[in-house]
Amino acid sequence: MIPVTKPFLPPQEEYNKLISDIWCRQWLTNNGPLVNDLELKLKEYLRVPHLLYLSNGTIALQIAIKALGLKGQIITTPFSYVATTSSIVWEGCTPIFVDIDEQTFNIDAKKIEAAISENTVAILATHVYGNPCDIEKIQIIADKYNLKVIYDAAHCFGTLYKGKSVFAYGDICTTSFHATKLYHTVEGGAVFTNDPSLLKTMAYMRNFGHDGPEKFQGLGINGKNSEFHAAMGLVNLNYIDDILIKRKELSLHYDFTLKNLKKQKQVIYNDTVYNFGYYPIVLDSEEITLMMIQELEKNLIFPRRYFFPSLINLPYVEFIELPLSESISKRVICLPLYHTMTFEDVDLISRLLLRVQNN
Ligand SMILES: Cc1ncc(COP(=O)(O)O)c(C=O)c1O
């Protein structure tokens with residue numbers, strides 16, 4: 001069986017060593033030493049000034065919206081995981097969808113201005129599959145209309161834009177360390193900001209608003225993560241460079257074995273060092289997409305229609321016609337890509353796809 005992804009698992013002894021230390025300290029959660037150590041090591045590895053380690057990438061988005069005090073309309077992309085939109089709605093704001101760029105699959109920055117109204121307060125854009133948005137253009141628009149910018153960078157561990165981690169851009173950037181991500185802490189996420197006072201607000205927010213045991217700074221939630229999760233993050237960080245290299249090698253092998261497949265590939269934005277987070281292909285029609293999925297599944301290979309459906313179809317948002325995201329979401333498949341996958345697996349998947357095309 002070849003699933004779309006398999007979580008990276010480090011040598012068990014290395015994880016067990018950190019777990020034994022937890023047993024000795026009997027400190028399981030609430031800003032423990034491993035959480036602190038992970039935050040320091042992540043800052044060092046990513047070369048970012050500030051981050052907070054959180055329980056998941058969805059709470060990261062919710063805390064970002066709350067910390068910026070957003071109330072009103074938030075411009076966003078319909079081509080993302082549901083958490084991008086659901087967080088906006090969960091925080092009592094209204095998502096205003098703007099269609100995507102046909103090549104990068106990110107929100108089309110050229111179309112943002114037309115969607116701005118007097119109630120617009122922010123732009124929440126996803127760096128889709130780890131590919132940076134048009135960060136400069138989005139910032140120019142945000143400055144012109146006095147809007148906040150949040151990036152959902154759930155797919156972006158390891159991506160650099162203009163020589164810096166892509167996590168360093170936006171008023172707040174969020175990520176996910178879920179087990180399906182190339183770097184993970186089982187469950188987990190983070191917020192990044194360059195603004196120390198926003199960081200402080202979010203630090204209170206992730207811990208119920210506590211300012212000491214009996215005093216509260218403001219409204220908070222439980223966004224903390226545990227020592228067990230941090231332990232996985234610390235051990236996995238030792239392997240991140242290997243993980244990134246292996247994904248690149250597998251992706252380049254797909255490029256080679258699929259060179260005769262009729263498809264569209266995502267165009268990676270200028271000045272980017274890409275992390276090979278996913279291997280998406282967009283086929284000519286939904287019909288051929290479904291035929292290819294069926295053929296793979298018959299052979300116990302499970303790709304994913306990611307992202308499908310386009311988020312304008314969610315039952316709790318107002319539907320509007322956004323043809324590019326609708327069309328791409330119907331024709332996209334993310335092919336299997338994970339650390340322990342072999343080049344032979346890539347060969348097999350490619351042969352099956354080509355067989356469907358050629359029959
Ligand atoms: C683009 C995007 N945003 C947000 C999330 C939510 O992250 P988490 O699962 O850690 O809550 C995901 C997770 O898959 C995602 O892909």
Side-chain angles (χ1 to χ4, degrees), residues 3-8 38 42 51-66 74-91 93 95 97 100 104-107 122-133 149-159 166-167 169-170 172-192 202 206 221-226 228-230 232-233 236 266 274-280 303-312 314 317 325 328-329 332-334 337-338:
V4 67
T5 188
K6 274 189 194 174
F8 176 82
L38 180 63
L42 284 172
L51 69 86
L52 291 170
Y53 179 50
L54 301 174
S55 46
N56 58 65
T58 307
I59 208 83
L61 284 164
Q62 290 172 206
I63 286 181
I65 295 169
K66 190 74 94 193
I74 300 183
I75 290 185
T76 191
T77 175
F79 193 68
S80 184
Y81 184 59
V82 64
T84 317
T85 298
S86 67
S87 302
I88 295 174
V89 177
W90 197 271
E91 290 302 320
C93 296
F97 293 98
I100 57 173
T104 64
F105 307 162
N106 287 324
I107 192 167
I123 300 166
L124 197 177
T126 301
H127 300 307
V128 171
Y129 307 133
N131 186 24
C133 293
V149 179
I150 301 173
Y151 284 114
D152 180 342
H155 301 164
C156 292
F157 201 95
T159 292
V166 80
F167 295 148
Y169 297 91
I172 300 178
C173 182
T174 69
T175 198
S176 165
F177 301 137
H178 184 259
T180 50
K181 303 294 185 274
L182 66 85
Y183 169 78
H184 77 90
T185 69
V186 187
E187 289 277 356
V191 282
F192 303 82
M202 292 193 286
R206 88 167 153 183
I221 196 166
N222 185 357
K224 294 176 275 100
N225 213 334
S226 81
F228 292 84
H229 293 85
M232 182 63 90
N236 282 351
Q266 184 185 34
Y274 183 54
N275 66 356
F276 298 89
Y278 294 82
Y279 198 90
R304 187 165 174 206
R305 298 187 83 187
Y306 190 68
F307 309 105
F308 178 82
S310 169
L311 297 173
I312 38 171
L314 285 171
V317 304
S325 103
I328 288 175
S329 64
V332 69
I333 337 181
C334 282
L337 185 63
Y338 51 88

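Remember, it's 1-based here, ligands and their atoms both numbered in the order they're listed. Along the sequence shown, the residues carry numbers beginning at 1.
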**OP:** Quick one: look up the protein heavy atom nearest atom 2 (C) of ligand 1 and list residue, atom name and how far away it is.
**Re:** Ala154 CB, 3.3 Å
Original post:
Nearest non-hydrogen atom to atom 14 (O) of ligand 1 belongs to which of Lys181, His127, Gln62, His155?
Top reply: Lys181
Subject >> Within-4.5 Å side-chain heavy-atom neighbours: Asn236 and His184 >> reply: yes
Original post:
Between Asp152 and ligand 1, does any nitrogen or oxygen pair lie at a separation below 3.5 Å?
Top reply: yes
Original post:
Could you give the distance from CG (Asn56) to OG1 (Thr174), rounded to the nearest 0.5 Å?
Top reply: 10.5 Å
Original post:
Are Gly188 and ligand 1 in contact, using a heavy-atom cut-off of under 4.0 Å?
Top reply: yes
Subject >> Shortest non-hydrogen contact between Phe79 and Ile328, atoms and distance >> reply: CZ-CG2, 4.0 Å
Subject >> Ring center gap for Phe177 and Tyr183 short of 6.0 angstrom >> reply: yes
Original post:
Looking only at heavy atoms, what is the nearest atom pair of Tyr81 and Phe307, with distance?
Top reply: N-CE2, 3.2 Å
**OP:** Would you please determine whether Ser80 falls within less than 4.0 Å of ligand 1 on a heavy-atom basis?
**Re:** yes
Original post:
When you look for heavy atoms under 4.0 Å from ligand 1, do you find them on the side chain of Glu187, its backbone, both, or neither?
Top reply: neither
Subject >> Distance filter under 4.0 Å to Asn56 heavy atoms, resulting ligand 1 atoms >> reply: 10 (O), 11 (O)
Original post:
How far apart are the closest heavy atoms of Asn225 and Ser55, and which atoms are they?
Top reply: ND2-CA, 3.6 Å
**OP:** Compute the shortest N/O to N/O distance between Tyr81 and ligand 1 and return yes if it is under 3.5 Å, no if not.
**Re:** no
**OP:** Working to the nearest 0.5 Å, report the span between CD1 of Ile172 and CD1 of Ile150.
**Re:** 5.5 Å
Original post:
Are any of the N/O atoms in Thr126 less than 3.5 Å from those in ligand 1?
Top reply: no
Original post:
Should Tyr306 be counted as touching ligand 1, given the test is an N or O pair under 3.5 Å?
Top reply: yes
Original post:
If you count the atoms of ligand 1 from 1 in the order shown, which ones are under 4.0 Å from a heavy atom of Ala83?
Top reply: 4 (C), 5 (C), 6 (C)
**OP:** Indicate yes or no: does an N/O atom of Gly57 lie under 3.5 Å from an N/O atom of ligand 1?
**Re:** yes
Subject >> Among Phe105, Tyr274, Tyr151, ring pair (Phe, Tyr, Trp, His ring centres under 6.0 Å) partner for His127 >> reply: Tyr151
**OP:** State whether the shortest distance between N or O atoms of Thr58 and N or O atoms of ligand 1 falls below 3.5 angstrom.
**Re:** yes
Subject >> Passing candidate, ring pair (Phe, Tyr, Trp, His ring centres under 6.0 Å) with Phe192, options Phe167, Phe157, Tyr169 >> reply: Phe167
